[in-house]
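In what follows, chains carry the letters A, B, and so on, assigned in the order in which the sequence lines appear, proteins first and then strands, with residues in each chain numbered from 1.
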There are 2 protein chains.
Amino acid sequence: MIKPRSRRGGGRPTISDVARKAGVGAITVSRALREPERVSEELRRQIQAAVEELGYVPDPNARALASARAEVFGVLVPSLTNNVFAEVVRGIYDSLSDSPFRIQLGNTHYSGLEEERLLQVFGSQRPAALIVAGIDQTPASRKLLENAGCPVVQVMETGPDPVDMMVGFSHLDGGRAATEHLIEAGYRRIGFIGARMDPRSQRRLAGYRVAMEKAGLLDPRLITTTPVLSSVSLGRELFRDALAKMPTLDGVFCNNDDIALGVLFECHRASIDVPKTIGIVGFNDLDMMQVAFPSVTSIRTHRYEIGRRAVAMALAAISGNRPQERIADLGFELKRRESTAR
Amino acid sequence: MIKPRSRRGGGRPTISDVARKAGVGAITVSRALREPERVSEELRRQIQAAVEELGYVPDPNARALASARAEVFGVLVPSLTNNVFAEVVRGIYDSLSDSPFRIQLGNTHYSGLEEERLLQVFGSQRPAALIVAGIDQTPASRKLLENAGCPVVQVMETGPDPVDMMVGFSHLDGGRAATEHLIEAGYRRIGFIGARMDPRSQRRLAGYRVAMEKAGLLDPRLITTTPVLSSVSLGRELFRDALAKMPTLDGVFCNNDDIALGVLFECHRASIDVPKTIGIVGFNDLDMMQVAFPSVTSIRTHRYEIGRRAVAMALAAISGNRPQERIADLGFELKRRESTAR
DNA sequence: CAACGTCATGGTAGCGCTACCATTTCTCTC
DNA sequence: GAGAGAAATGGTAGCGCTACCATGACGTTG
């Protein structure tokens, strides 16, 4: 007994429907869609017409199964609401919007365990490339990345030992530049205020230490940190703590701009003059830092560009010409503003 | 001639490897994984052991192909960097992190055409559910949603005619409440400042009009809008424009909190007293609004909760018990703060 | 002009999984 | 204790696509 065609599929046109309509073999349709130059122009036109008439859309699942390769970029970030990662992700989306690649986005919540779990899940899809935030993967995660069988790009920072490729900048140098700027501006009792304290924040702190040490200004009581998730309100609280601990504080380098904004608002509220009494430096240079009053000095980072570059490197690797330089350092820029203009 | 096993697959264990090792049929493994209660406890244990020993991970592509249904939620938002949508997306991710469902996230850039394109792409994957921001889909998009063959949840606002389900609140009522609050607080020349002006902003503006009209205060010169993407710096500029156009302005209802913050900073810079000379109300109530100095009155919206509820409704529909109420109105809350405490 | 590449096209056999039906075994019921 | 039903398991046949190889129609070469 003959079964009706398409027992389960919702009756959508398949590649053989297109082939029948165009009077060619199914495989020729497949080729016309993926490698048009290998099909004669005449057939290509016929096939194109049949595709449009039927409204045929290839099934990515069947494609992935047959070719053992999904047209998917796996992207792993620690947070979706942190503007920094949102910008990177936006750069990735924008770069891939005209390509056949889809994006599988995972949120690790800053957890190494969660990262491993997601890499496991993503790996089972045989992605075309993986983009992961950070360079501090657990050994298990690192092994998963090495065995992924696809290009891997670590983003947000650079380091000595890439799994495959890297795009970012040196957070240590950034922290150091910020601190040195405060020192040059004449501040002396410069605090470090940091929330979340992920590995990148740790390295910014390390940069702060280097600069302070070199200037002979380092004092552990100047450092105020917490593992709690960063926010503007937390910035205010941490600044109050810092001030209570060290009333002679005359400057702060903040982990990020949210914290810096919290500090700024608290200064307003407590009528502390910025930049005269306290100098403030943030990190990332969100749009609002130059609008704030007083405008806030910050380290401008190229987040969107990191996303774009990561995709560009991955696409190059996929198409066989892996970039010469496996590590792209996009640097940063110190934006001097009113908050440190003593 | 016998072909070697696994011609293309990277040699990863398949379901039949597990079946062989556990001494059962492949289909029983499949069932043990998906509907454990239909397999005897003994076999379940054996299978579990085999899965772990081999490190078997099911291939989602093969699964999707065979079952004509992918374990994927398609999510469409107009922006990835706008905190509002980022929060919704975070709620969706958090709600699905323990489920077998993956998330396919699309960025429409506020474009109806792009939305159609993405719905086409997402549809080809036969998703388990679709979550889309907004209720103003183009006719073509609406048709795609209706024919998606899966639960559809429209999020961020409520309206009269859901494709399937809706979670959100009334932006018109929100805009109205914000404006009425300003009026009650004694402000009279109340401006509306809005950027981006997507359909939700339009409805907030409509709410503003209703309230102003009712109070006999409406004057078209009080309204300042632009289609440009919203930002804090844009808020400052628009406020300057508004003030130039209408120097007697004594209050502003802002489209969103970014704009409100820009207005606040400009007031600081121009030494305009808030709330005495100018009252400010924002929309969304970002964390920083209550930290700002002065703290800023805003309409608190439940963005994270919208994401969670959307997933809950979709999951219910998938498992067969579609919620009684197809429309969930999560409301909003007026947060009175210093910026309107005259 | 035979021998040999090259190009365009097609047929076949899966990719790894699950829907559908069949089979077996184990309860109940009257 | 025979018949009916339920519960547990398995076999078969695809899902829609592409890798691999085969085929035939052309040049091109010596």
Those residues at least two apart in sequence (or on a different chain) that pass ring pair (Phe, Tyr, Trp, His ring centres under 6.0 Å) with A:Phe101 are A:Phe73

So salt bridge (Lys or Arg N to Asp or Glu O under 4.0 Å) across residues 49-62 of chain B, not counting sequence neighbours, yields B:Lys21-B:Glu53

Treating primed atoms plus P, OP1 and OP2 as sugar-phosphate and everything else as base, which nucleotides of nucleotides 5-11 of chain C get B, S or - for protein heavy atoms under 4.0 Å? ---SBBB

Consider only side-chain N and O atoms of B:Gln154 and B:Gln137, and report whether a donor and an acceptor are under 3.5 Å apart. yes

Whole-Å distance, A:Arg34 CZ to D:dG16 P, equals 17 Å

Derivation and outcome, side chain to side chain contact (heavy atoms under 4.5 Å, CB included), residues A:Tyr93 and B:Leu80: CA-CA 9 Å; A:Tyr93 269 82; B:Leu80 296 172; 3.5 Å; yes

Would you please name every residue forming a side chain to side chain contact (heavy atoms under 4.5 Å, CB included) with A:Glu37, sequence neighbours left out? A:Glu35

Side chain to side chain contact (heavy atoms under 4.5 Å, CB included) partners of B:Glu42, counting only residues at least two apart: B:Ser40, B:Gln46

Could you check how far CG of A:Asp59 sits from P of C:dG16, rounded to whole Å? 17 Å

Any side-chain N or O of B:Ser30 below 4.0 angstrom from OP1/OP2 of C:dT18? yes

Atom CD of A:Gln125 to atom C1' of C:dG16: distance rounded to whole Å? 14 Å

Nearest-Å distance, CD (A:Glu71) to P (D:dG16)? 19 Å

Of all residues at least two apart in sequence or in a different chain, which pass the side chain to side chain contact (heavy atoms under 4.5 Å, CB included) check with B:Leu118? B:Leu76, B:Thr108, B:Glu114, B:Phe122

From the list D:dT18, D:dG16, C:dC17, which nucleotide is the closest neighbour of the side chain of B:Ile15? C:dC17

Any salt bridge (Lys or Arg N to Asp or Glu O under 4.0 Å) pairs touching residues 76-88 of chain B, not counting sequence neighbours? B:Glu87-B:Arg90

Salt bridge (Lys or Arg N to Asp or Glu O under 4.0 Å) partners of A:Arg142, counting only residues at least two apart: A:Glu146, A:Asp161

Measure the angle between the two terminal helix axes of the helix from C:dC1-D:dG30 to C:dC30-D:dG1, five base pairs each, and quote it to 10°. 30°

Gap between atoms CZ and C1', on A:Arg69 and D:dC17 respectively (whole Å): 16 Å

If I take atom CZ in residue B:Arg20 and atom P in nucleotide D:dG10, what distance separates them, rounded to the nearest angstrom? 14 Å

Between CD of B:Glu35 and P of D:dA8 the distance, given in whole Å, is 12 Å

Write down the distance between CG (A:Leu65) and C1' (C:dC15), rounded to a whole number of angstrom. 4 Å

Can you list every ring pair (Phe, Tyr, Trp, His ring centres under 6.0 Å) pair that touches residues 16-44 of chain B, not counting sequence neighbours? none

Tell me, please, which residues at least two apart from B:Ile327 pass side chain to side chain contact (heavy atoms under 4.5 Å, CB included). B:Thr158, B:Pro162, B:Met166

Enumerate the protein-to-nucleotides 22-27 of chain D contacts in which both atoms are nitrogen or oxygen and the separation is below 3.5 Å.
none

